[in-house]
Enquirer: 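A single structure is presented below for examination.
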Amino acid sequence: MINSSQVTFEDNDTRDPMNFSYKIKWTITLVACAFTGIVAAASASFSMGYQSMMRDLNCTQFQATVGLSLWSIGFGTVPLITSSFTEEFGRLNIYIVSSFGFMLTEMMIALSPNIQTVMLGRLLGGAFGSTGATLVGGSVADVWKQHERGQPMAFFALVAVAGTGLGPVIAGVIEANPRLGWRWIQWVHVMFTGAYFISVVLLMKETRATIVLTHLAIKKRKETGDDRYQAKAEIEKQNLTTLIKISCTRPIYLLLTEPIVQSFSLWIGFTWGVVFALVESVSAEFQAVYGFSVQNTGFIFSTLIVGSFIGYLANIYQEKLYQKYYLRKRQEARLYLPCVAALFLPIGMFIYAWTARPEVHWIAPAIGLTIFMSGGFVIYMVVFLYLADCYGTYASSAIAGQSLCRNFAASAFPLFTTQMFARLTHRWGLTLFGCVGAALVPIPWVLFFYGSRIRARSKVSRKILEEEELQDNMQK
């Protein structure tokens, strides 16, 4: 266990998160993903309470929409700073603080006396929700080997995207009850987050190996009184300010210099922006065209859930393709299904745009939304897996870069889509989205055929490739 007084894991050491039992690994994965689902549901369900909120707080719909958008700003920017905290405090403590803080922000919104307090609560809610939710990819990487991460990450994407649909479904039922309304939508989130907080305390374990080793070194020093026992993380420890500086600047650097990060950020940014534009507009569209009640429009969001499950099931086949063709295609073996899913985005948008009219049954635009979300699910999932495969030790920074674009788009789209639909109508506004989606179809195809050449010209990718070759040679 000791090498020159350095504390390390022994072979097959069960304290090493990579050697946790299968049961513990899935428990950690499920608990981590549950927070993502709660946060996703809270982010989208907010829009379902607009009517009662505008009545109670005497605010405009635009002010309420600002509350929806501020969530994504907090969600996208704060992790650039707080992601460094895991180096200092570990993942478990961040999960505990984030879930408790998130519960308090939902309580703050529920008790808000005015729309300004609601806006502040939404901004803080996005901040606390992001800090916990963005740890999930790291937690999965801590306990699962690279070839095992496909299904855990697919489950993470399922919970994130399906939660975006489930939240409005439940919120629609609550909003339809005149005795409940928007405040009870928030109280339901408080209840679920409170239960989650308890589950984290009882079931979650620390998964960051450097933190586990640091705790073992501290314990060893106490037992022996010998201060020479140290973990590698203690010996090579960087200043927290330096870590924050790196976590803030490296994602921006990769976003500005890496074509792969740029293209995926553009793709997922547009897709997620459209999702939040739909969260903002679907309810009003189905009420105007089909005379749906608030509760019935909430049920339309189940198309997001169905689309997520279709994408999740399709990923099972993608995983088989990845295992089969990895040696030949390497990282690009992740892109078989996304090449097909890229077509689903514009097709789904065009179907929704041109069938949402009174003489056509409502199931037709609902099918369009389902097709769109099945493609959106695949894109959401592959962004994490493909960037993680391509950027290795820099994966968290690459993912943070795309997350910044994704959440900025999610905050911006709802603010202009109401005016856009008012001027162009929903049909032509959605057609415009479909045309932009069609223009982005070549992205996965280009990367599928030329991704390896693009990486070969990248300074960062060449450095990662050299490190991988060095490790392979050492293993041989």
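Everything numeric here is computed off the predicted structure, so don't read it as measured data. Heavy-atom basis, side chains included; hydrogens, waters and symmetry copies ignored.
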Enquirer: Would you say that Leu404 contacts Phe408 through its side chain, given a criterion of any heavy-atom pair below 4.5 Å between the two side chains?
Expert: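 In contact.
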
Enquirer: Drop me the distance from Phe100's CZ to Thr105's OG1, to the nearest 0.5 angstrom.
Expert: 11.0 Å

Enquirer: Check whether any side-chain heavy atom of Leu432 sits under 4.5 Å from a side-chain heavy atom of Met420, and report yes or no.
Expert: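 Answer yes - side chains close enough.
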
Enquirer: Under the 3.5 angstrom rule, does the side chain of Ser69 hit a backbone N or O of Ser411 as a donor-acceptor pair?
Expert: yes

Enquirer: Under 3.5 Å, is there a donor-acceptor pair between the side chain of Gln287 and the main chain of Ser293?
Expert: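 Looks like no, no N/O pair under 3.5 Å.
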
Enquirer: Side chain to side chain contact (heavy atoms under 4.5 Å, CB included), that's the test. Do Val360 and Trp354 meet it? Break it down for me.
Expert: CA-CA 9 Å; Val360 179; Trp354 289 92; over 6 Å; no

Enquirer: Not counting sequence neighbours, which residues clear ring pair (Phe, Tyr, Trp, His ring centres under 6.0 Å) with Phe350? List them please.
Expert: none

Enquirer: Testing the basics here: between Val161 and Met373, what is the closest heavy-atom pair and its distance to 0.1 Å?
Expert: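 Closest approach of Val161 to Met373, heavy atoms only: CG1-CE, 3.1 Å.
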
Enquirer: Test your reading of the model: is there a side-chain donor-acceptor pair from Gln295 to the backbone of Gly172, 3.5 Å cut-off?
Expert: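 Pair absent, no side-chain N/O of Gln295 close to backbone of Gly172.
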
Enquirer: As a test of understanding, state which of Ile310, Thr164, Leu166 forms a side-chain contact (heavy atoms from CB on, under 4.5 Å) with Ile305.
Expert: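 Testing each of Ile310, Thr164, Leu166 against Ile305, the sole residue satisfying side-chain contact (heavy atoms from CB on, under 4.5 Å) is Leu166.
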
Enquirer: Give a yes or no on whether the backbone of Met107 and the side-chain of Gln186 come within a donor-acceptor separation of less than 3.5 Å.
Expert: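 Not at all, since once roles are kept as given, no pair shorter than 3.5 Å links the two residues.
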
Enquirer: Are Trp187 and Trp182 close enough that their ring centers fall under 6.0 Å?
Expert: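 Ring-ring flag for Trp187/Trp182: false, centres at least 6.0 Å apart.
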
Enquirer: Between atom CG of Leu447 and atom CG of Leu335, what is the distance when rounded to the nearest 0.5 Å?
Expert: 6.5 Å

Enquirer: Ignoring hydrogens, what is the shortest heavy-atom contact between Phe377 and Ala154? Give both atom names and the distance.
Expert: CZ-O, 3.6 Å

Enquirer: What's the verdict on ring-ring contact (aromatic ring centres under 6.0 Å, His included) for Phe416 and Phe413, showing C-alpha distance, side-chain angles and the deciding distance?
Expert: CA-CA 6 Å; Phe416 71 77; Phe413 272 55; 5.1 Å; yes

Enquirer: Inspect the surroundings of CH2 in Trp26 and state if more than 12 heavy atoms from other residues, nucleotides or ligands are less than 6.0 Å away.
Expert: yes

Enquirer: Check the pair Thr117 / Asn114 against side-chain hydrogen bond (donor to acceptor under 3.5 Å, both in side chains), numbers first and verdict last.
Expert: CA-CA 6 Å; Thr117 308; Asn114 52 55; 2.8 Å; yes

Enquirer: Between Trp184 and Arg179, what is the shortest heavy-atom contact and its length?
Expert: CD1-O, 4.4 Å

Enquirer: Heavy-atom distance under 4.5 Å between the side chains of Leu278 and Met349, does that happen here?
Expert: yes

Enquirer: Would a 4.5 Å heavy-atom cut-off, applied to side chains only, mark Leu120 and Met108 as touching?
Expert: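 Yes - at least one pair of side-chain heavy atoms lies under 4.5 Å apart.
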
Enquirer: Using 0.5 Å steps for rounding, measure from the CZ atom of Phe75 to the OG atom of Ser43.
Expert: 7.5 Å

Enquirer: So, applying ring pair (Phe, Tyr, Trp, His ring centres under 6.0 Å) with Tyr336, which one of Tyr317, Trp445, Tyr322, Tyr325 is it?
Expert: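 Exactly one pass, corresponding to Tyr325.
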
Enquirer: Considering non-hydrogen atoms only, spot the tightest contact between Gly74 and Ser130 and give its length.
Expert: O-OG, 3.8 Å

Enquirer: Answer yes or no: is there an ion pair linking Glu106 with Arg122, defined by an N-O contact shorter than 4.0 Å?
Expert: no

Enquirer: Looking at Leu424 and Gly429, what are the two nearest heavy atoms and their distance?
Expert: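 Heavy atoms only, the tightest pair is CB-N, 4.0 Å.
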
Enquirer: Is the backbone N or O of Ser112 less than 3.5 Å from a side-chain atom of Arg183, with the two atoms forming a donor-acceptor pair by type?
Expert: yes

Enquirer: Are Trp267 and Leu345 packed together at the side-chain level, in the sense that at least one heavy-atom pair is separated by less than 4.5 angstrom?
Expert: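 Counting from C-beta outward, Trp267 and Leu345 do come under 4.5 Å.
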
Enquirer: Can a donor-acceptor pair be found, under 3.5 Å and without considering hydrogens, that links the side chain of Thr193 to the backbone of Val190?
Expert: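 Checking the backbone N and O of Val190 against the side chain of Thr193, no donor-acceptor pair under 3.5 Å is found.
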
Enquirer: Side chains of Ile300 and Trp362: does their closest heavy-atom pair fall under 4.5 Å?
Expert: yes

Enquirer: Rounded to the nearest 0.5 Å, what separation is found between the CD1 atom of Ile443 and the CG atom of Leu266?
Expert: 5.0 Å

Enquirer: Step by step, work out the side-chain hydrogen bond (donor to acceptor under 3.5 Å, both in side chains) result for Tyr386 and Glu332.
Expert: CA-CA 8 Å; Tyr386 184 66; Glu332 282 64 45; 2.6 Å; yes

Enquirer: Can any side-chain N or O of Gln402 pair as donor or acceptor with the backbone N or O of Ser263 at less than 3.5 Å?
Expert: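 The answer is no, because no donor-acceptor pair under 3.5 Å joins these two groups.
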
Enquirer: Measure the spacing between CD1 of Ile268 and OH of Tyr380 and express it to the nearest 0.5 Å.
Expert: 7.5 Å

Enquirer: Run the side chain to side chain contact (heavy atoms under 4.5 Å, CB included) test on Phe128 and Val39 for me, step by step, so that the C-alpha distance in whole Å, both residues' side-chain angles and the decisive distance to 0.1 Å come before the verdict.
Expert: CA-CA 9 Å; Phe128 280 106; Val39 171; over 6 Å; no

Enquirer: I need the single residue from Phe299, Phe286, Phe301 that forms a ring pair (Phe, Tyr, Trp, His ring centres under 6.0 Å) with Phe292. Which is it?
Expert: Phe286

Enquirer: Is it the case that more than 12 heavy atoms not belonging to Tyr290 sit under 6.0 Å from its OH atom?
Expert: yes

Enquirer: For residues Ile316 and Gln151, determine if any side-chain heavy atom of one lies less than 4.5 Å from a side-chain heavy atom of the other.
Expert: yes

Enquirer: Could you walk me through whether Glu285 and Arg357 pass salt bridge (charged side-chain N to carboxylate O under 4.0 Å, His left out), step by step?
Expert: CA-CA 10 Å; Glu285 173 77 344; Arg357 51 182 192 263; over 6 Å; no

Enquirer: Quick one: closest heavy-atom pair of Ala364 and Thr355, and the distance?
Expert: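 Here Ala364 and Thr355 meet closest at C-OG1, 3.6 Å.
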
Enquirer: Would you please indicate if the ring centroids of Trp272 and Phe264 are separated by under 6.0 Å?
Expert: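 No; Phe264 has its ring centre 6.0 Å or more from that of Trp272.
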
Enquirer: Between Thr271 and Arg406, is the side chain to side chain contact (heavy atoms under 4.5 Å, CB included) condition met? List the steps.
Expert: CA-CA 8 Å; Thr271 303; Arg406 174 166 54 87; over 6 Å; no

Enquirer: Can you spot which of Phe192, Tyr95, Tyr196 makes a ring pair (Phe, Tyr, Trp, His ring centres under 6.0 Å) with Phe35?
Expert: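 Exactly one option meets the ring pair (Phe, Tyr, Trp, His ring centres under 6.0 Å) with Phe35, and it is Tyr196.
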
Enquirer: Distance from Gln61 atom CD to Gln51 atom CD, nearest 0.5 Å?
Expert: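 Rounded to the nearest 0.5 Å, the CD-CD separation comes out at 9.0 Å.
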
Enquirer: I'd like to check Val66 versus Leu415 (side-chain heavy atoms, cut-off strictly below 4.5 Å). Are they in contact?
Expert: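 Side chain of Val66 against side chain of Leu415, heavy atoms only: contact under 4.5 Å found.
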
